[in-house]
Structures are given as C-alpha cells and as structure tokens.
Amino acid sequence: MNLRNSSAAGWVAFLFLVLGSPAQADRLFESLEPLEISLSGPFKQMRGERDKAKFYKATLGMGEDSFDVELRVRGNKRLDADVCRRPPLRIEFEPKAIEGTLYAHQKSLKLVVQCKDSAAYRDYLRAEFLIYRMFNLLTPLSYNVRWLKVSYTDEKGKGRHEPAFFVERKSRLAKRNNLKTTKVGSILRSELEPDSSALVGLFQYMVSNADYSIVASADDSCCHNAKILRGEDSLYRPVIYDFDSSGLVNASYATGIPPLRIKKVTQRLYRGYCAHNSQVSEARRQMLSMREALLDILRTDTVLGKKALKQRVKYFTKSLAMIADDKVWQKKVLDACRG
C-alpha cells in the first residue's frame, strides 16, 4: 500500500468543509522571521519566588517601541527549580497601549523560555518550537508560534541574550477557526469531533508524546496539555500544546510514565480511541502525503545543533516509516487504540 504520493489537497479541502476557511493569523504570527525584543524586569526575584499568583512589573521593547507590561511565572514541571533555572512566563499587556501595534489583540502571551544555560536546552526549546510548526502544517487547529531573540535585563542591571518563543492566545486561535472557547471539567469520548481528535492522537504518537489528555485532567478543568474548542455542531475539538515531554524533544528532565509502561519518552505509544479508527486512517494518509514537507521543517532548520538536528530527523523519519508499514500500522495503531 503506497500512501506517500497521495495528494494533500483533498485533505485541506476536507478541513475547510469541517472548519470553514480559517481567518488570517494575527500580525504577530504572520511571519516566520525571528523577532528581536527586550525584556526588563525582576527576573532574579521571580526565579526565587516562583509564585504563579503574583504579578511583576516589567518593560517590553521592540525597536523604537516599548510597553509597560506585567509578567507572571507559569507552568508545572518547568516551574520546578530543579528542572528549570528560569521558569516559563506569561506577558500581560494593557490592551489600549498595544492598539495598532504588532501586539494588537494580544491581551496576554505565553513566553516559552530557554530554561537552562546550555546548548542542549537551546535545542530542547527549538525542537519544541518545530513541533508546533509541524502541527501548523497539518491543521489550522494548532497554536501559532513566533521565534524570538530576547535581550533580558534583570533588577540588578545584569543582561543576557537567549532565544524564546511566543505561543498564540487560545481565544485568537478559536476566532480564526470560527470556534468557541469553553470551560468544562471533563468530556465524554463521544463528544469529541472525530477528525481533529484522530489527528491529535496520531500526531502525538509520531512525536512520542503521551503526556496529554483530551478528555480530562488532574484538576477540575479539561484537559491536560490540551485546550478544548467547540463548534456549532456542539462537538469538542482538542488543540494540543506543551511538547517538551515528547520523544522528539527528548529533554533530559522528561521522564517515563510508569502507569502507561513507558520507561523513556522516546518510546512511542498510540493513545487514540478505537471509535476514531476510520478517521485516523485518513490522518495517516494526510501525514504520509505531507512527508517531505514535515521533514523539511526539521531538515532545513538553522538553529538546532548539528547532532541534535540529525537525531530529530532520524527519529521522525522512523515514525513516518512505521505508519507507512501496514503491519506496523495495524499492530501499533489500529490494534493499540483505546476502547
């Protein structure tokens, strides 16, 4: 069975039928060019306190423009000082101050930072960014991201230069897909929109990320490393994020998941649902038809170190080969689905 040469045009047309034609992305995310910004704030204090409820006054600059902003620390695993020296951040804007600027409509933005000072951690950051970009290629139901070159200045006047990236707001993603945001504690599998859910399950298998749920979470808000959007058909569409625990990133701090018998994060496990088996077969065709485009996002990258680049290309190439093999596909995906 040769699926690699199938046209992707049919899948794109199908997505437009399901979702409607997506609106254009916000200006901040239109370009793939790295954006140079500066951030001045009490970073030393924030690293010490790691208080998610606290707001810190800061200044964001870009070219001749600068804005007073507030920063908050965020995250779970990466908020832990033993995991990351520098926690992930959220930038809160004053809406009126950013009207007509590149940041228009961005009431707040997630900032994913390089959490330790080494080339390996730069590679983890970049690999996660590239996973977002790969998923962008497959579906508009994905968070847009923008790579950054950041000049930081702390409260002592000490500076440093490191990369980071912005992640699109959930409300903006929903708007451009003609969907609604929603807050629910958990949802039933039967309430999931099959096509988008099947694509999520297969993509997470391909990058080897089992650290997610599209129906529930440990707290009272659905879901784990996924947000849920609702369409006019009342079905829920999952949008996934946070890929640092994936095998494709293969971060040193990412651990296995004993309840799932995953000893290391590079071990692929399909966690999609059996009810979506016909839809996941369509997702398979889509991915194999876009094989070269997906690989090119990795192969043509100029930020990953040479060894890191080679490892990621090899890993994803194997994922593609596995789903192209009918016997492996049947055993590892269709027969491994959750009931």
Side-chain angles (χ1 to χ4, degrees), residues 26-29 31 34-118 121-122 124-126 128-129 132 143-173 181 219 221 225 227 241-244 251 253:
D26 290 330
R27 284 178 57 206
L28 179 61
F29 296 101
S31 174
L35 185 65
E36 294 188 18
I37 68 170
S38 62
L39 267 180
S40 300
F43 297 111
K44 186 175 181 180
Q45 180 185 357
M46 295 167 68
R47 287 197 304 270
E49 294 177 344
R50 297 180 184 257
D51 185 350
K52 294 169 79 169
K54 191 168 181 177
F55 291 81
Y56 301 85
K57 294 187 180 299
T59 302
L60 183 148
M62 186 184 67
E64 297 181 354
D65 295 326
S66 65
F67 310 96
D68 290 330
V69 297
E70 290 185 314
L71 301 178
R72 300 175 69 182
V73 299
R74 60 178 187 84
N76 293 302
K77 181 180 290 185
R78 283 182 274 193
L79 186 60
D80 187 337
D82 291 333
V83 173
C84 283
R85 184 167 184 265
R86 301 184 181 102
L89 301 175
R90 185 183 301 277
I91 301 177
E92 305 279 351
F93 294 92
E94 170 54 48
K96 289 185 178 180
I98 56 175
E99 288 180 357
T101 75
L102 189 65
Y103 297 99
H105 309 300
Q106 311 303 329
K107 183 178 178 182
S108 68
L109 282 170
K110 287 182 178 180
L111 183 68
V112 185
V113 306
Q114 181 176 324
C115 72
K116 282 189 179 180
D117 301 317
S118 73
Y121 279 81
R122 179 208 60 206
Y124 300 156
L125 181 74
R126 184 65 176 185
E128 183 177 15
F129 171 83
Y132 278 99
Y143 283 104
N144 285 321
V145 287
R146 183 75 181 267
W147 189 252
L148 305 169
K149 297 178 179 179
V150 188
S151 298
Y152 297 94
T153 304
D154 68 17
E155 62 269 48
K156 300 294 184 180
K158 185 177 180 180
R160 57 184 169 88
H161 303 276
E162 286 178 348
F165 64 87
F166 282 141
V167 180
E168 180 182 27
R169 294 178 64 203
K170 177 179 70 171
S171 61
R172 303 304 297 174
L173 187 158
T181 60
D219 55 31
S221 66
N225 288 339
K227 296 297 182 184
Y241 61 93
D242 276 7
F243 301 105
D244 65 310
Y253 59 80

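FYI, the numbering just counts along the sequence from 1. Every heavy atom of this structure was used, including side-chain atoms; hydrogens, water molecules and symmetry mates were not.
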Exercise for review: Could you check L39 against I91 for side chain to side chain contact (heavy atoms under 4.5 Å, CB included), going step by step and ending with a plain yes or no?
Suggested key: CA-CA 10 Å; L39 267 180; I91 301 177; 4.3 Å; yes
Flag, side chain of [X] to backbone of [Y], donor-acceptor distance under 3.5 Å:
{"X": "Q106", "Y": "S108", "answer": "no"}
{"X": "R50", "Y": "L79", "answer": "yes"}
{"X": "Q114", "Y": "L125", "answer": "no"}

Mind checking salt bridge (Lys or Arg N to Asp or Glu O under 4.0 Å) for [X] and listing every partner two or more places apart, or none if nothing turns up?
{"X": "R146", "result": "none"}
{"X": "D26", "result": "R172"}
{"X": "R86", "result": "D117, E162"}
{"X": "E49", "result": "K54"}

Point to revise | R78 vs V112 side-chain heavy atoms within contact, under 4.5 Å | key: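 R78 vs V112: side chains touch.
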Exercise for review: Indicate yes or no: at least one non-hydrogen side-chain atom of L111 is less than 4.5 angstrom from one of L148.
Suggested key: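 Side-chain contact under 4.5 Å: yes.
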Using every non-hydrogen atom in the two residues, find where [X] and [Y] come nearest and quote the distance to one decimal.
{"X": "R122", "Y": "P163", "result": "CG-CG, 4.1 Å"}
{"X": "P87", "Y": "V73", "result": "CG-CG1, 3.8 Å"}
{"X": "T59", "Y": "S66", "result": "CG2-CB, 4.2 Å"}
{"X": "G41", "Y": "A58", "result": "CA-CB, 4.1 Å"}
{"X": "M46", "Y": "L89", "result": "CE-CD2, 3.4 Å"}
{"X": "R72", "Y": "A53", "result": "NH2-CA, 4.2 Å"}

Between atom [atom1] of [X] and atom [atom2] of [Y], what is the distance when rounded to the nearest 0.5 Å?
{"X": "E94", "Y": "E70", "atom1": "CD", "atom2": "CD", "result": "9.5 Å"}
{"X": "C84", "Y": "Y253", "atom1": "SG", "atom2": "OH", "result": "5.0 Å"}
{"X": "E36", "Y": "S151", "atom1": "CD", "atom2": "OG", "result": "7.5 Å"}
{"X": "Y152", "Y": "S40", "atom1": "OH", "atom2": "OG", "result": "11.5 Å"}

**Study point:** Set of residues satisfying side-chain hydrogen bond (donor to acceptor under 3.5 Å, both in side chains) with respect to S171, sequence neighbours excluded
**Key:**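 Once residues adjacent in sequence are excluded, the partners of S171 under the side-chain hydrogen bond (donor to acceptor under 3.5 Å, both in side chains) criterion are R169.
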Check your understanding: Checking side chain to side chain contact (heavy atoms under 4.5 Å, CB included) against V69, which of I98, L109, L60 comes through?
Key ->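 Of the listed residues I98, L109, L60, the side chain to side chain contact (heavy atoms under 4.5 Å, CB included) partner of V69 is L60.
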Partners meeting side chain to side chain contact (heavy atoms under 4.5 Å, CB included) with [X] (sequence neighbours left out):
{"X": "D82", "answer": "D80"}
{"X": "D154", "answer": "F43, K156, K158"}
{"X": "K227", "answer": "Y143, K170, Y241"}
{"X": "N76", "answer": "K52"}

Exercise for review: Hey, could you give me each pair passing ring-ring contact (aromatic ring centres under 6.0 Å, His included) that has a residue in residues 55-84? Not counting sequence neighbours.
Suggested key: F67-Y103
Exercise for review: Walk me through it: do E128 and F165 pass the test side chain to side chain contact (heavy atoms under 4.5 Å, CB included)?
Suggested key: CA-CA 10 Å; E128 183 177 15; F165 64 87; 4.2 Å; yes
Practice item. Quick one: do K149 and H161 satisfy side chain to side chain contact (heavy atoms under 4.5 Å, CB included)? Show the steps, please. Key: CA-CA 7 Å; K149 297 178 179 179; H161 303 276; over 6 Å; no
Practice item. State which residues pass ring pair (Phe, Tyr, Trp, His ring centres under 6.0 Å) with F243; sequence neighbours excluded, sorted by chain then number. Key: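 Testing F243 for ring pair (Phe, Tyr, Trp, His ring centres under 6.0 Å), a comparison that skips the adjacent residues, returns Y132.
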Check your understanding: Excluding sequence neighbours, so at least two apart, what forms ring pair (Phe, Tyr, Trp, His ring centres under 6.0 Å) with F29?
Key -> none
Practice item. For L102 and L35, run side chain to side chain contact (heavy atoms under 4.5 Å, CB included): C-alpha distance rounded to whole Å, both residues' side-chain angles, the deciding distance at 0.1 Å, then the answer. Key: CA-CA 11 Å; L102 189 65; L35 185 65; 4.0 Å; yes
